[in-house]
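Counting convention: from 1, in listed order, for ligands and their atoms alike. Hydrogens, waters and symmetry mates are skipped; everything else that's a heavy atom, side chains included, is used.
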Amino acid sequence: MTKKGFNTTNLHSDRRDNPEHGVLHKAIHPSVAYGYEDARELAEVFQGKRAGYIYGRQLNPTVTALQNKITAMEEGIATAVFATGMAAIASTMLSLLRAGDHIVSSAFLFGNTNSLFGTFQNLGIEVTFVDATDVVEVKSAIKENTRLVFVETIANPVTQIADLAGIGALCKSKNLIFCVDNTMTSPHLFQPKSVGASFSVNSLTKYIGGHGNALGGAITDTGLFDWTSFANIYENYKNQDSQLWGITQVKKKGLRDIGASLGPEAAHHLAVGSETLSLRMNQACSNAQKVAEFCAQHPKVKQVYYPGLPTHPQHGRAKELFNGFGSVMSIDLVDGVDCFDVLNAMDNIVSSSNLGDTRTLAIPVAHTIYYEMGAERRASMGISDSMIRFSIGIEEVEDLLADFKKALA
Ligand SMILES: *Cc1c(COP(=O)(O)O)cnc(C)c1O
């Protein structure tokens, strides 16, 4: 069969999985429990000898349909979805790592992931933060007990782009799990599998859902990591194809034990949202490019951070790897211009902390999402006190530019 396009595959995936009554959207199944005519079948499902549903915390048919869509988007082998993006990251790490293990992480991280890794340090999992825009920095941090390297595609809010291809090759040569948070690019702009990632993480709350009306997170196994070489897989999960050992442990230990499971209603909202991912992202990226170019020549703007500008330090890398430059753009204002005054003068742009929404949202990062981190760590991440992060939406670009003109005047 010829390979279908990204949208075609997504739009027809529920229908092709033999749904009830020929429905085009997988139904929302609220049932927590599942009954079996033959109790032996129930036992076989428990023992992993037969596919089936047991209890809503582990899986639900509406959730399965969403997992299938994400797996197809990432061209992976399996996906586990969770109640939020943070739940996906935390549950994956807690199921695969043990005290005494070491993670090398990008220093340029989503604030809550940074906070989570601090918690891991207190639980006996070592974390070294490095400048992941350069593979040399990652390489020099690797130790005997390193198990995993974690990076984001485009980092928040300064938009640094990790040396994804270099780190992928390094992880392959050292046999390390390479976990890429693909939230800021989404599988429409980038598939981490293309640079050798073992896992792609997506906060479904952001671009994939896109409408800002449901939380969710996903971890997709790309099929590239050799799980037979990984010391932390429990014997119980080795009774099947070794490609599935890692994701099975994430589903068992992560979903079953930790229980940050995605509900069927949210799964439905996210699946419907995902149908328009590429259309929304193309429009948002195009708008962001125009807004970034406008800001770059404005006298009240000291600095613009956007990978689509030729002056961005990793512009060439972004162009080579991504199918677009994303819709997150940050600016530093010149001294004497107050970020709160600028935000309050905007009409169409909302002061709000989400990103990847259809609406344009903006936030003064040092005073909000990066406040708890403290001034020193903020400075090391290149976050200034006047920085505003914009998640550009799909409005008509003229209306966005009008807001910038007015607010910066
Ligand atoms: C938002 C976000 C997350 C966390 O996702 P939630 O669904 O909000 O828990 C993780 N990584 C990145 C890069 C994000 O932007």
Side-chain angles (χ1 to χ4, degrees), residues 63 66 70 74 79-94 103 105-120 129 132 150-162 164 179-190 192 197 199-220 254-255 258-263 266-267 269-271 273-274 277 281 284 288 305 307 318 322 325-330 352-357 361-363 365 368-370 372-373 381 383 389-393:
V63 168
L66 176 64
I70 311 289
E74 291 283 6
T79 297
V81 298
F82 294 84
T84 64
M86 285 315 302
I89 297 171
S91 304
T92 299
M93 303 288 175
L94 287 171
I103 305 175
S105 170
S106 170
F108 312 126
L109 272 190
F110 177 63
N112 301 163
T113 308
N114 179 72
S115 166
L116 173 70
F117 286 0
T119 304
F120 287 169
F129 294 101
F150 187 95
V151 303
E152 294 176 5
T153 51
I154 303 176
N156 196 344
V158 183
T159 71
Q160 300 96 334
I161 294 160
L164 292 156
C179 190
V180 177
D181 184 335
N182 197 29
T183 300
M184 295 277 279
T185 25
S186 91
H188 170 56
L189 297 188
F190 179 60
F199 284 124
S200 177
V201 175
N202 285 284
S203 165
L204 306 175
T205 317
K206 310 292 173 54
Y207 295 100
I208 292 180
H211 302 279
N213 62 358
L215 293 155
I219 180 106
T220 301
L255 270 174
I258 297 170
S261 316
L262 186 69
H269 281 301
L270 295 166
S274 77
L277 170 64
M281 270 206 113
Y305 304 90
F322 306 153
F325 298 106
S327 79
V328 167
M329 178 208 70
S330 298
S352 171
S353 78
N354 193 17
L355 64 84
D357 196 301
L361 309 177
I363 190 158
V365 289
T368 54
I369 49 178
Y370 289 94
E372 193 181 306
M373 184 177 272
M381 290 178 72
I383 300 172
R389 182 196 74 193
F390 296 89
S391 170
I392 303 295

Validation row: Thr159, Met184 side chains within 4.5 angstrom (heavy atoms) | no

State the atoms of ligand 1, each with its element, that fall below the 4.0 Å cut-off from a heavy-atom position in Gly216.
-> 7 (O)

Out of Thr205, Asn182, Asp181, whose heavy atom sits nearest atom 11 (N) of ligand 1?
-> Asp181

Polar proximity ligand 1 side, Asn156 side, N/O cut 3.5 Å exclusive = no

Given side chains that start at C-beta, do those of Asn156 and Arg389 come closer than 4.5 Å, heavy atoms only?
-> yes

Kindly indicate whether the side chain of Phe322, heavy atoms from C-beta on, has any atom under 4.5 Å from the side chain of Leu164.
-> yes

Is there side-chain contact between Asn202 and Pro187, with heavy atoms separated by less than 4.5 Å?
-> yes

Can you pull out the closest protein heavy atom to atom 9 (O) of ligand 1? Residue, atom name and distance to 0.1 Å, please.
-> Met86 N, 2.8 Å

of all protein heavy atoms, closest to atom 1 (C) of ligand 1 is Lys206 NZ, 1.3 Å

N/O separation below 3.5 Å, Phe110 to ligand 1 = no

With a 4.5 Å heavy-atom cut-off, do Leu94 and Phe120 have their side chains touching?
-> yes

Identify the closest protein heavy atom to atom 5 (O) of ligand 1: which residue and atom is it, and at what distance?
-> Ser203 OG, 3.0 Å

For the pair Ser352 (side chain) and Leu361 (backbone), establish whether a donor and an acceptor sit closer than 3.5 Å, ignoring hydrogens and angles.
-> no

Answer with yes or no whether Ala87 contacts ligand 1, where contact means a heavy atom under 4.0 Å from a ligand atom.
-> no

Exactly one of Thr220, Thr79, Asn182 clears side-chain hydrogen bond (donor to acceptor under 3.5 Å, both in side chains) with Glu74, and that residue is Asn182

For atom 6 (P) of ligand 1, the protein heavy atom that lies nearest, with its residue and separation = Gly85 N, 3.3 Å

